[in-house]
Every structure is written in structure tokens, then in C-alpha cells.
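First comes the structure, then the notes that go with it.
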Amino acid sequence: MKFIIPARKPFKFMSVVNSHGWRQLAPFSFDEDTKTLSYILRLSNARVIELKLSDGKDGVTVETDKLRKPEQNEVADTVDWMFGLNMDFSTFHAASRAEPKLAHIKKQALGRVLRSPTLFEDVIKTILTTNTLWGATINMTRRLVDEFGFSLDGGLNNPKDVSKPVVEALQTKSFPTPESIAASSPEYIKEKIRVGYRAPAIHELAVRIAMGQFDLEFLKTSDLPTLELRKGLMTINGVGPYAAANLLMILGRHDFIPIDSYALKMVSYEWYKGKPITPKDVEKRFEKWGGFKGLAFWFWDWKYNG
DNA sequence: GGTAGACCTGGACGC
DNA sequence: GCGTCCAGGTCTACC
């Protein structure tokens with residue numbers, strides 16, 4: 001079946017897909033030729049389906065298996081969250097109008113950041129981006145999904161269908177639930193998923209959620225002040241200043257800048273002739289953007305591009 | 001508050 | 001093929 005979920009204008013499908021690297025991480029996959037973003041979703045009734053998401057007229061076109069009405073509603077809510085379809089960036093667009101380095105913002109409808117259906121998935125993925133190279137993040141996420149995810153229900157892409165190419169067969173599992181990871185052990189995760197010292201942090205978070213000791217998903221809609229939200233995120237082992245700022249951006253809070261080594265490089269080449277700088281120098285350069293600091297940094301038209 | 005070192009994987013490089 | 005070096009944030013201990 002196929003349906004469109006409308007977005008608040010202005011909206012550009014590809015601007016969200018390209019907002020950061022999430023589209024490269026399982027269970028996402030992206031087809032450059034058709035500009036289709038695929039995502040393997042486990043519904044609340046445990047059914048696992050593939051969503052094929054593409055540009056709709058002022059919204060997102062969803063193509064998937066036949067769904068019952070409650071399932072279709074759940075898919076619509078999920079895609080709405082993933083693309084931030086109702087988010088309003090008009091104030092930021094107006095504020096950035098006079099800045100040449102942000103002149104492209106309004107035209108490209110920038111501001112939305114691609115999110116996973118659950119904050120649990122985004123936190124785990126963010127932890128997997130820390131202290132490692134992007135290629136390793138892709139591999140660690142892939143192994144985590146392969147090991148603890150749930151297989152698609154039937155269909156041509158079922159992994160049991162060995163006639164399909166290997167690459168396609170790999171894209172057939174949903175992201176793990178906290179319960180599926182919690183049922184394992186830090187030692188097993190370290191050895192099998194090869195996430196190194198991150199294993200205890202990942203397992204601990206999964207256990208806390210699975211045992212009902214930590215309502216992480218509540219933070220998605222919480223109206224806590226950003227500082228409090230940040231404190232809450234930083235109680236998670238493995239989440240430091242960079243990871244917290246990255247997660248706040250995903251949550252639509254833009255008061256902090258995710259400063260990693262790449263950010264230091266970009267700011268250094270932008271204003272300090274490539275000399276070594278500190279996170280304070282980055283903060284100083286974006287201070288004037290206040291609550292839009294993160295957005296201005298994220299979508300800045302950098303001189304340095306790697 | 002600032003700094004140093006350990007943590008672990010995987011890519012690059014030299015042999 | 002093997003060994004070594006290095007990049008990449010977080011956490012802890014220490015000053």
C-alpha cells in the first residue's frame with residue numbers, strides 16, 4: 001500500500017535525508033538512483049515491515065505492505081517523528097536571512113534532522129559514533145542489528161530467501177529492542193558486536209530501560225529546560241558533552257553544539273587559519289545565535305569540507 | 001576547572 | 001601477513 005504524510009511547509013525530503021549520516025546506518029538504507037530511503041520497522045504488535053520512503057508532494061510518500069488501520073496510524077506517527085514533519089523553523093529562517101553563510105537555509109528548507117523511531121536507537125547510535133571513525137560506526141551498528149534485531153515478516157526480502165543477493169539480504173532486520181540487548185551480556189556484546197569498551201554502557205542502558213528503571217522515550221516529548229534535558233542524557237554512561245549535544249539536536253533542542261574533532265577543524269579553518277583551537281573558541285563563534293546555535297553550526301556553509 | 005591517561009576498533013603504513 | 005601507529009569522545013584520577 002502507498003500513502004502520503006503531509007509536512008509543514010517549507011519541506012524538502014532530501015534535505016532531511018541528507019541532514020546527517022543516519023541514512024547510512026542500519027536499519028536504514030538509501031537507494032541513490034530512486035532517492036528512496038528504506039527503514040525496517042518493528043511495530044508495537046511485533047510485526048516487522050519495510051518502509052520505503054520517498055519525496056511526496058509537500059510530504060513523505062510511504063510504500064509498505066498492506067496494513068491494518070491501527071498499524072497505518074502507527075506508521076504515520078513514526079514517520080512524522082522521524083522527519084519532524086510538523087516542526088516549525090520559520091523563526092530560524094528569518095534570523096539567518098542576513099547571514100551569507102546561512103543564505104541557503106530557507107531555500108533548501110533546512111532545520112529538520114533525520115531521527116530514528118525511538119530515542120533508544122538514536123542514543124545507541126550516537127554512542128557508536130564516539131571515539132571511532134565513521135566506517136567503524138557503520139559496521140558496529142550493522143552487527144548490532146544483525147545480532148539482536150528482528151527479521152522481516154515474510155516477503156521477498158526474508159533472509160531465508162537465499163536466492164536474493166547478499167547485500168539485499170542484509171537489510172532485513174529491525175533495530176533491536178532494549179529487551180533483546182538486555183537479554184545478552186556486556187561480554188557477549190563486546191566480543192560479538194566488537195564495540196569495545198562501549199559494550200557495558202550499551203548493555204546497561206538496555207537493562208535500565210527493559211527493567212522500567214529509565215523512561216528514555218519520555219524525553220522525546222518532555223518540556224524540561226534544555227539544560228535539564230542535557231543533564232538527564234548525560235546520566236547515560238557513554239554520553240558526554242558531544243553525544244548529549246548531538247542528541248539534543250535530534251530532539252529539536254538547538255542550544256548546544258556537538259563539538260567533535262571535525263567541528264574543531266571546520267571552525268579552525270573558518271576563522272583561525274587552521275591553527276589548533278578549543279571547544280570554547282567554537283562556542284564563542286556561535287554565541288550570538290543563542291537558541292539556534294546548534295542549527296547555525298550544523299547548517300553553516302563551511303570552507304573546510306574534509 | 002584543567003589535564004593526562006586508559007579504554008577499543010579498524011584503517012594506514014612499513015616491513 | 002604481521003606488527004606498529006594513530007584517530008576518535010568519555011570517564012576517572014589527580015593537581
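Lettering follows sequence order; numbering is per chain, from 1.
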> Of the candidate nucleotides C:dC11, C:dG8, C:dT10, which contains the atom at the shortest distance from the side chain of A:Asn131?
Replying inline: C:dG8

> Salt bridge between A:Arg23 and A:Glu32, side-chain N to carboxylate O under 4.0 Å?
Replying inline: yes

>> With a 4.0 Å cut-off on N to O distance, would you call A:Lys173 and A:Glu147 a salt bridge?
In response: no

> Is the phosphate of B:dG1, meaning OP1 or OP2, less than 4.0 Å from a side-chain N or O of A:Lys280?
Replying inline: no

>> It should be established whether A:Arg143 places a side-chain nitrogen or oxygen under 4.0 Å from OP1 or OP2 of nucleotide B:dG10.
In response: yes

> At under 4.0 Å, does any side-chain N or O of A:Ser261 touch on OP1 or OP2 of C:dG9?
Replying inline: yes

>> Rounded to whole Å, how long is the line connecting atom CE of A:Met234 with atom C1' of C:dC11?
In response: 11 Å

> For A:Phe256, is the NZ or CZ atom of A:Arg230 found under 6.0 angstrom from the centre of its six-membered ring and inside 45 degrees of the ring axis?
Replying inline: yes

> What is the distance from NZ of A:Lys265 to P of C:dA7, rounded to the nearest Å?
Replying inline: 9 Å

> When the distance from OH of A:Tyr242 to P of C:dA7 is rounded to whole Å, what number comes out?
Replying inline: 18 Å

> Parallel under 30°, tilted from 30 to 60°, perpendicular over 60°: which one fits the rings of A:Phe286 and A:Phe297?
Replying inline: perpendicular

> Touch check for A:Ala201, heavy atoms < 4.0 angstrom, all strands: base, sugar-phosphate only, or nothing?
Replying inline: nothing

> Using a cut-off of 4.0 Å on non-hydrogen atoms, how would the nucleic acid contact of A:Ile236 be classed: base, sugar-phosphate, or nothing?
Replying inline: sugar-phosphate

> Of all the nucleotides listed (C:dT10, B:dC7, B:dG11), which has the minimum atom distance to the side chain of A:Tyr197?
Replying inline: B:dC7

>> Among B:dC8, B:dG11, C:dG9, which nucleotide has an atom closest to any side-chain atom of A:Lys190?
In response: B:dC8

>> Applying a 4.0 Å non-hydrogen cut-off, can you work out what A:Thr132 is touching in the nucleic acid: base, sugar-phosphate, or nothing?
In response: base

> A:Leu128 has an atom CG; how far is it from atom P of C:dA7, in whole Å?
Replying inline: 22 Å

>> Output the rounded distance in Å from CG (A:Leu264) to P (C:dA7).
In response: 14 Å

> For the residue pair A:Phe92 and A:Trp289, does the interplanar ring angle fall in the parallel (under 30°), tilted (30 to 60°) or perpendicular (over 60°) class?
Replying inline: perpendicular

>> Using whole Å, what does the distance between atom P of nucleotide B:dG11 and atom CE of A:Met140 come to?
In response: 11 Å

> Rounded to whole angstrom units, what separation is found between the CZ atom of A:Arg142 and the C1' atom of B:dT9?
Replying inline: 18 Å

